[in-house]
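A short worksheet on the structure shown next.
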Amino acid sequence: MHGSRHHRCGCWHEYPERGWIQFLIMRVLYEKPMHGYQLLEEIEERSCGCHRLEPGSMYTLLRRMEERGLLKSQWEKVEGGPDRRVYKLTSKGVEALKMGLTSIVRRKRLFEDLVTFYYENFEKPGKGGEKPNV
């Protein structure tokens with residue numbers, strides 16, 4: 001990890017798991033189509049700088065997601081600069097995003113239950129983490 005920005009959110013790794021980064025990409029593109037460099041900036045910003053991808057990795061991932069039908073792209077003319085490919089979420093991509101987020105919501109409930117258990121059993125005064133008497 002380089003730089004202090006990686007510590008703002010308590011990140012413990014620099015490179016995100018592929019599944020998470022795909023959800024971030026789909027989430028961003030759900031709001032509005034954009035080109036790859038914009039996506040790089042959005043993902044880094046939304047993850048507090050924890051998830052930075054190299055442009056080559058991002059474009060490879062975007063191509064794979066497009067091959068799977070999650071995204072579609074078209075070339076956009078740019079005056080005074082090179083044309084750029086703009087990515088948009090497909091209906092299949094929206095469905096994949098919804099299914100993935102449903103799974104995340106369920107997982108969040110499980111984690112919340114485990115956190116509550118932790119606080120009730122290991123953080124309350126008089127509870128030092130010993131096994132309860134049975």
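In this chain, residues are counted from 1 in sequence order.
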message = For R85, is there any backbone N or O sitting under 3.5 Å from a side-chain donor or acceptor partner on S73?
response =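 Flag not set: sc S73 to bb R85 has no pair under 3.5 Å.
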inquiry  = I'd like to know if the side chain of K88 and the backbone of Q74 have a donor-acceptor N/O pair within less than 3.5 Å.
reply    = no
query = Does a side-chain heavy-atom distance below 4.5 Å link K32 with E42?
reply =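 In short, these two side chains do not touch, never coming nearer than 4.5 Å.
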inquiry  = Between D113 and R109, is there a side-chain heavy-atom distance shorter than 4.5 Å?
reply    = no
Which atom pair, heavy atoms only, marks the closest approach of [X] to [Y]?
X	Y	value
K92	R68	NZ-O, 2.9 Å
L101	F23	N-CE2, 4.3 Å
I25	M58	CD1-SD, 3.8 Å
T90	G69	OG1-O, 2.5 Å

request  = Assign the ring pair Y87 / Y59 to parallel, tilted or perpendicular, where the plane angle (0 to 90°) is split at 30° and 60°.
outcome  = tilted
Once rounded to the nearest 0.5 Å, what's the spacing between atom [atom1] of [X] and atom [atom2] of [Y]?
X	Y	atom1	atom2	value
E95	M26	CD	CE	11.0 Å
L39	L71	CG	CG	8.5 Å
Q22	L62	CD	CG	9.5 Å
H35	D83	NE2	CG	12.0 Å

query = Within a radius of less than 6.0 Å around CD of E31, do more than 12 heavy atoms belonging to other residues, nucleotides or ligands occur?
reply = yes
message = What verdict does the salt bridge (Lys or Arg N to Asp or Glu O under 4.0 Å) test give for K108 and E112, after you've listed the backbone C-alpha separation in whole Å, the side-chain angles of each residue and the deciding distance to 0.1 Å?
response = CA-CA 6 Å; K108 180 180 181 264; E112 286 171 346; 2.6 Å; yes
message = Taking L61 as the starting point, is it possible to reach V86 by hopping between hydrophobic residues whose side chains are less than 4.5 Å apart?
response = no
query = Linking I/L/V/M/F/W/Y whenever their side-chain heavy atoms sit closer than 4.5 Å, directly or via other members, would F117 and V115 fall into one cluster?
reply = yes
request  = Verify side chain to side chain contact (heavy atoms under 4.5 Å, CB included) between R64 and T60, making sure each step is shown before the conclusion.
outcome  = CA-CA 6 Å; R64 287 183 183 152; T60 298; 3.6 Å; yes
message = Side chains of Q38 and R84: any donor to acceptor distance under 3.5 Å?
response = no
